[in-house]
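Structure first, commentary second.
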Amino acid sequence: MRKLLTRCFKGPVSPTNQSLSKSQGSMGETMEDPSAGNAENLNSERSDGNMNNSRGSVASNIIVNHDFSRGLDSWHPNCCHAFVVSTEPGRNHVVVTNRKEPWQGLEQDISGKVTAGPNYRVCARVGISGPIQSSALVTATLRLEFRHSPTTYMFIGKSSVSKDEWKTLEGMFQLSTLPDRIVFYLEGPSPGVDLLIESIVISCPYTIKTEDTSTRCFAPGDENIILNPNFEDGINNWSGRGCKIVLHDSMGDGKVMPMSGKFFASATERTQIWNGIQQEITSRVQRKLAYEVTAIVRIFGNNVTSAAVQATLWVQTPDLREQYIGIGNSQATDKDWVQLQGKFLINASPSKVVISLEGPPPGTDILLNSLVVKHAEKVPPSPPPVIENPAFGVNIITNSNLYDGTTQWFPLGGCTLSVQSGSPHVLPSMARDSLGDHEPLSGRYILVTNRTQTWMGPAQMITDKLQLYLAYQVSAWVRIGSGASGPQTVNVTLKVDNQWLNGVQVEVISDTWHEIGGSFRIEKKPDTVMVSVQGPASGVDVMLAGLQIFPVDRQARFRRLKRQTDKIRKRDVILKFSGSDSSSLVGAYVEVRQTQNSFPIGGCVNRTNIDNEDFVDFFTKHFNWAVFGNELKWYWTEPQQGNLKYKDADDILTLCQSHNMEVRGHCIFWEVENMVQSWVKSLNTNDLRTAVQNRLNGLLTRYKGKFKHYDVNNEMLHGSFYQDHLGKDIRASMFKTANQLDPTATLFVNDYNVENGSDIRSSPEKYIEHILDLQEQGAPVGGVGIQGHIDSPVGPIVCSALDKLGILGLPIWFTELDVSSVNEYVRADDLEVMLREVFAHPAVEGIMLWGFWELFTYRKNSHLVNAEGDVNEAGRRFLSLKQEWLSDAHGLIDGQGQVEFRGFPGSYEVEIVGVSTKVSKTFVVDKGESPLVVSINL
């Protein structure tokens, strides 16, 4: 029996026939005309299971009468007819017929059954019938009706369906706000073509359960938000980003076959590196959730055998801000399929999100076999490393004193080793700082002659003497022979299996012994480890004495640093109480609690971060200073000449001001050429000088008095773009002009690798020389910035660099501090080393962490908070240290009406509990050396 119903929706014209506005706050996209799709028909029927078999999903399905077992109950045809057909007992489908427009179909009101926030998955079994030769698109749509604003439409998903076949249509949607009425409907085929529907499920992925997983209504963790990820439905749901996409079952006369499944797609006719294959995922991705991305990719054509393929996310917010997020990349070849992996997180509620693959040179095809984007599983942290018998301070180098000649040593290359006498008998200073009292060195050294390559020198195997996760300090005396043309670089380098690690290096001059010091750590078990000394030009003799490699005892160092911290950071405080009856205060019990340490500890923030409430909460609670990651840099504020873009910086600054956070200005210029935007590089000398002046005028006038610091010209030890193009005086001129425009700001130099002994370009000695040179030219350098991107830090090495820089008398700030380790316990140890070392040094006046939230840090595995807001071990260590650096005291008011204590500068509360009425007061301790008397009038 057929039940025939007809209904016509009296509303605005269908989204397929006019341009509609997006729903307010909606994450969905304005509905597109299905006829504009680029889907390619596949004549083979998919072997998907019948949705009618997904009985387990019915309990969580918000659709009433999802399988039409009760006829058309709760369903309404929109300006057309519909009837139910029973094909076998318990199995039905509806036929939507007499369709005059593509938008006519079947609908159900789901108002009151969905809420704002969650993602809802749609799975429908659909077909077509009637006068059609190939295929037609069936589309799932939401109609969002508002009392006081126009009706809008949200696209959910679509499927290309051929005649006489059933297809699964899938999609997801999310509502950021609730309209007054929500109607779900299916539409799409051309007029005259009947729409067939067998069953429909709409359910939150977190509760949906299916017996037949081929429908892909999966639970979280298994759920791929990419539609048609293996191209079983041709290129349906995919599009080209500035290029064409084509479906293949093979390429190159059968030389390229799918790695899995039957098909793959190519992005071809690419004319730009950003051209590629893409899919919009707007309604299927949630903010503040971390997603894992896995793609199987390859390249083809244009005589390119290897190229990087990049996965990128394009995000547009409702206020039309755009963001490109680099997810991950992989070096792809034309020979094999490779796996590309990465993670991403979206902070804001987006209006549109598109994931794409791009990167290879123009003319090279990108091949994609599959793409999976899933909610990232929370991986339990690695356990703390177990280190047995670390033997702190014990040298792992055999025959370091050369009592046995060159035993255990061998020449790397064809050089010659011999033992001579006349080297220092004392340990280098950084090793003495770690080892304390130590027996004198032998005074013997290895002389390396007949060096025909820079890498030739003495070497020793140390494989079996190393323990994983231990931080090792490296120390030695080195020297070069006479006849060298100028200073030479000497390295102590590790070769771990077949990889050379970044070595410890020092610049030396002839006939003088130089200390070399650094550190390293190994976190994966190696097959072989070799240490060698190398570096000077061929023909230059090298001398090595007293090479020490030993694990450092960090806890012993910490005990020393705590005593040093109390000495230099705390101040004696005398609380002097007075009142109408001060005699009654004698003997009263007083509790003092510090609420905030005023020492600057700041964090890096980007504009997108402030859309995440959890990020903002952690940021504003635990930091008192801020620095912008990119938003103040010239390439950000003026990407094209004359196109000024300050809104992102303004937004962050407003947030910081509302929380009384001071802000560093990073940076006015960046001297490294690769960091200079292309339009600036293209300017002639006069125009470049004018552009530099305009940048100074525009930035410092706009923000006068708002940034406490500026990094004037970033990384001048590693770049020279402006100096090369405008002459040596341009650097000092930048400082002078900045000071004139904003005299209240302290002007900093800022560079990296200053503190770790691994880079002769930025050794403390080179940095001092650089700063003195600027000052001689009249540059008002007010502070020394050390970036602090450091691995396996060792306290005495860091302290040595600070001691040297301290002679300048300028405040030193760690401006971009981060440490990195996959093991968060090791990362926590490294962070504690740096924070304690820096906080205990009298020349340091502030610390800025260069990121702290996963996926928003400069270096991978350097975060303190996981992507979805969980504080990890490194974060807990950071918070523990901040708590340690708050002073508490208690005692009795003495006969002079006083209580004395020693505490850190900052804000305090004091409570007097030994009087008739409990009294609370607040006070502030400023930085200073002499005792501070604080009068508290009760």
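Not measured: the values here are computed from a predicted model.
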For this session: Might you work through the salt bridge (charged side-chain N to carboxylate O under 4.0 Å, His left out) test for Arg836 and Glu884, ending with a clear yes or no?
Result: CA-CA 11 Å; Arg836 288 196 183 279; Glu884 181 183 316; 2.8 Å; yes

Roughly how far apart are [X] [atom1] and [Y] [atom2], rounded to 0.5 Å?
{"X": "Arg287", "Y": "Ile346", "atom1": "CZ", "atom2": "CD1", "answer": "10.5 Å"}
{"X": "Asp829", "Y": "Arg554", "atom1": "CG", "atom2": "CZ", "answer": "6.0 Å"}
{"X": "Ser792", "Y": "Ile797", "atom1": "OG", "atom2": "CD1", "answer": "8.5 Å"}
{"X": "Asn694", "Y": "Gln641", "atom1": "CG", "atom2": "CD", "answer": "8.5 Å"}

For this session: Would you check if Gln787 and Trp850 make a side-chain contact, meaning some heavy-atom pair closer than 4.5 Å?
Result: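 Not in contact.
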
Among side-chain atoms of [X] and [Y], is any donor-acceptor pair under 3.5 angstrom?
{"X": "His841", "Y": "Asp803", "result": "yes"}
{"X": "Ser887", "Y": "Arg593", "result": "no"}
{"X": "Asn750", "Y": "Thr815", "result": "yes"}
{"X": "Tyr703", "Y": "Asp742", "result": "no"}
{"X": "Glu715", "Y": "Trp670", "result": "yes"}
{"X": "Asn347", "Y": "Asp611", "result": "no"}
{"X": "Glu868", "Y": "His375", "result": "yes"}
{"X": "Ser758", "Y": "Asn756", "result": "yes"}

Problem set entry | Pairs touching residues 807-822 that satisfy salt bridge (Lys or Arg N to Asp or Glu O under 4.0 Å), sequence neighbours left out |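 Those involving residues 807-822 are Asp818-Arg859.
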
Would one find more than 12 heavy atoms of other residues, nucleotides or ligands at under 6.0 Å from atom [atom1] of [X]?
{"X": "Lys860", "atom1": "NZ", "result": "no"}
{"X": "Glu929", "atom1": "CD", "result": "no"}
{"X": "Tyr635", "atom1": "OH", "result": "yes"}
{"X": "Lys708", "atom1": "NZ", "result": "no"}
{"X": "His718", "atom1": "NE2", "result": "yes"}

For [Y], is there an ion pair with [X] - N to carboxylate O distance below 4.0 angstrom?
{"X": "Asp791", "Y": "Arg521", "answer": "no"}
{"X": "Arg877", "Y": "Glu832", "answer": "yes"}
{"X": "Arg876", "Y": "Glu873", "answer": "yes"}
{"X": "Asp650", "Y": "Arg702", "answer": "yes"}
{"X": "Glu671", "Y": "Arg731", "answer": "yes"}
{"X": "Lys562", "Y": "Asp566", "answer": "no"}
{"X": "Asp870", "Y": "Lys378", "answer": "yes"}

So does [Y] get a backbone contact from the side chain of [X], meaning a donor-acceptor N/O pair under 3.5 Å?
{"X": "Ser351", "Y": "Gln316", "answer": "yes"}
{"X": "Asn609", "Y": "Asn606", "answer": "yes"}
{"X": "Trp853", "Y": "Ala867", "answer": "yes"}
{"X": "Asp759", "Y": "Asn753", "answer": "no"}
{"X": "Arg569", "Y": "Phe839", "answer": "yes"}
{"X": "Arg902", "Y": "Val573", "answer": "no"}
{"X": "Lys343", "Y": "Ala376", "answer": "no"}
{"X": "Asn866", "Y": "Gly869", "answer": "no"}
{"X": "Arg664", "Y": "Val627", "answer": "no"}
{"X": "Glu673", "Y": "Ser720", "answer": "no"}

Would you say the rings of [Y] and [X] are close, in the sense that their centroids are separated by under 6.0 Å?
{"X": "Phe878", "Y": "Phe852", "result": "no"}
{"X": "His666", "Y": "Phe628", "result": "no"}
{"X": "Phe721", "Y": "Phe669", "result": "no"}
{"X": "His709", "Y": "Phe748", "result": "yes"}

Problem set entry | Which atom of Ala745 lies closest to which atom of Phe707, heavy atoms considered |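 Scanning both residues, the minimum pair turns out to be CB-O, 3.6 Å.
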
